[in-house]
There are 2 protein chains.
Amino acid sequence: MVIRVDFNSDEALYIQLCNQIILGIASSNIQEGETLPSVRELADNIGINMHTVNKAYSILKQEGFLKLDRRKGAVISLDLDKVNAKLELYDVLSVALARAMCKNITREEMHRAVDEVCDDILYGNTLQE
Amino acid sequence: MVIRVDFNSDEALYIQLCNQIILGIASSNIQEGETLPSVRELADNIGINMHTVNKAYSILKQEGFLKLDRRKGAVISLDLDKVNAKLELYDVLSVALARAMCKNITREEMHRAVDEVCDDILYGNTLQE
DNA sequence: ATACTTGTTATATTCTTAGTATAACAGCAA
DNA sequence: TTGCTGTTATACTAAGAATATAACAAGTAT
């Protein structure tokens, strides 16, 4: 799985790493049971520090996306806590949709956006390869 | 319009201010043409520094939610840049929905979440008063 | 047993951001 | 003039992000 990073972004590197890996899982780019590169290897590939990668992996572990094994490394392992996941989704949506409403984006457009983003993640319509 | 702040949150104070005001606009709690408290007044009310409020107002101005007038203060004034607003919405959704997909949240549940959040903003179902 | 790799922990340093604290300025209203 | 707006400037503290070394424990491979 290819992982890139934008050094000019105002988003923290470890957050970018988390997001990319989550997108990779959602798009089946990497699947349950498969392993990510080791912290040192990924850090070297991207050109960042080991601890930055380790921080991302630790967060993903705590959020139930993978498990860390000292022998195998970082193994994708999904813990399906839907209750908590829904609460987080509602939190994110409340600010995102409030913004959208202020900009006169209709509810139909929001629903279309959900479908398009899902399709994009699953089948890769627009940009991402 | 009532504005509160959570000092224990890991979210920056000025971000919380921005989000609250945007939610206030979306929920018609405050409307186009109406004015927000002055930077000094709001800062005193909440118990934070003037510059933190000023930072929030400046961002909201730059994002097209209000205009700053030296005589009237901060006046709600919506600049409807739908193109940009949609791009931002897609950005936020892509990471939020990828997370949701990993947690086996169905597309139907996502659509229901959109409707519930919108209704909650507009009519105040659950918690917010 | 040795060498190597894994995640993990610890410490220290640099840089950026967030937030505060004063202070002053320009424009406008009572 | 007095008092209120937003605006700008400067300086400081605190916290987080990222890096740099270093070492440790546990497993694998030779």
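Order of the sequence lines sets the chain letters (A, B, ...), proteins ahead of strands, with each chain counted from 1.
Closest approach to the B/Lys61 side chain among D/dT8, D/dT7, C/dT8 is made by D/dT7 (side chain taken as heavy atoms from C-beta onward). Relative to the side chain of A/His51, the nucleotides C/dT9, D/dT7, C/dT20 differ in distance, and C/dT9 lies closest. You'll find that the side chain of A/Lys55 is closest to D/dA17, out of D/dT5, D/dT8, D/dA17. Residue A/Ala12 has its side chain nearest to D/dA17 when only D/dA17, D/dT7, C/dG7 are considered. Of the candidate nucleotides D/dA17, C/dT20, D/dG6, D/dA17 has the atom lying nearest to any side-chain atom of A/Tyr14. Taking every side-chain heavy atom of A/Thr52 into account, D/dA18 is the closest of D/dG6, D/dT28, D/dA18. Of the candidate nucleotides D/dT8, D/dG6, D/dA22, D/dA22 has the atom lying nearest to any side-chain atom of A/Met50.
Look at CG on B/Asn54: it is 13 Å from P on C/dT20, rounded to the nearest Å. Taking atom CG of B/Leu68 as the reference point, atom C1' of D/dC4 lies 15 Å away to the nearest angstrom. Atom CZ in A/Arg40 sits roughly 11 Å away from atom P in C/dT8 (whole-Å rounding). Atom CG of B/Asn49 is separated from atom P of D/dA11 by 17 Å (rounded to the nearest Å). If you measure from atom CD1 of A/Ile48 to atom C1' of D/dA20, you get 14 Å, rounded to the nearest angstrom. Taking atom CG on A/Leu42 and atom C1' on C/dT5, their separation rounds to 16 Å, with Å as the unit. Straight-line distance from the OH atom of A/Tyr57 to the C1' atom of C/dT9: 19 Å, rounded to whole Å. One atom, CG of A/Asn8, and another, P of C/dC15, lie 18 Å apart when rounded to the nearest Å.
Nearest-nucleotide mapping onto DNA chain D: of B/Ser58 and A/Gly47, the residue sitting toward the 5' end is B/Ser58.
Note on A/Lys72: nothing from the nucleic acid sits closer than 4.0 angstrom, heavy atoms only. Across all strands shown, B/Asp69 has heavy atoms under 4.0 Å from sugar-phosphate atoms exclusively, and none from any base.
A/Lys103 and B/Glu88 are not joined by a salt bridge, as no carboxylate oxygen comes within less than 4.0 angstrom of a charged side-chain nitrogen. Using a 4.0 Å cut-off between charged side-chain N and carboxylate O, B/Glu109 and A/Lys82 make a salt bridge.
Nearest heavy-atom pair across A/Ile30 and A/Thr35 is CD1-O, 4.1 Å. When all heavy atoms of B/Ile22 and A/Cys102 are compared, the closest pair comes out as O-SG, 3.6 Å.
Taking hydrophobic clusters as Ile, Leu, Val, Met, Phe, Trp and Tyr residues chained together by side-chain heavy-atom distances below 4.5 Å, A/Tyr90 shares a cluster with B/Leu23.
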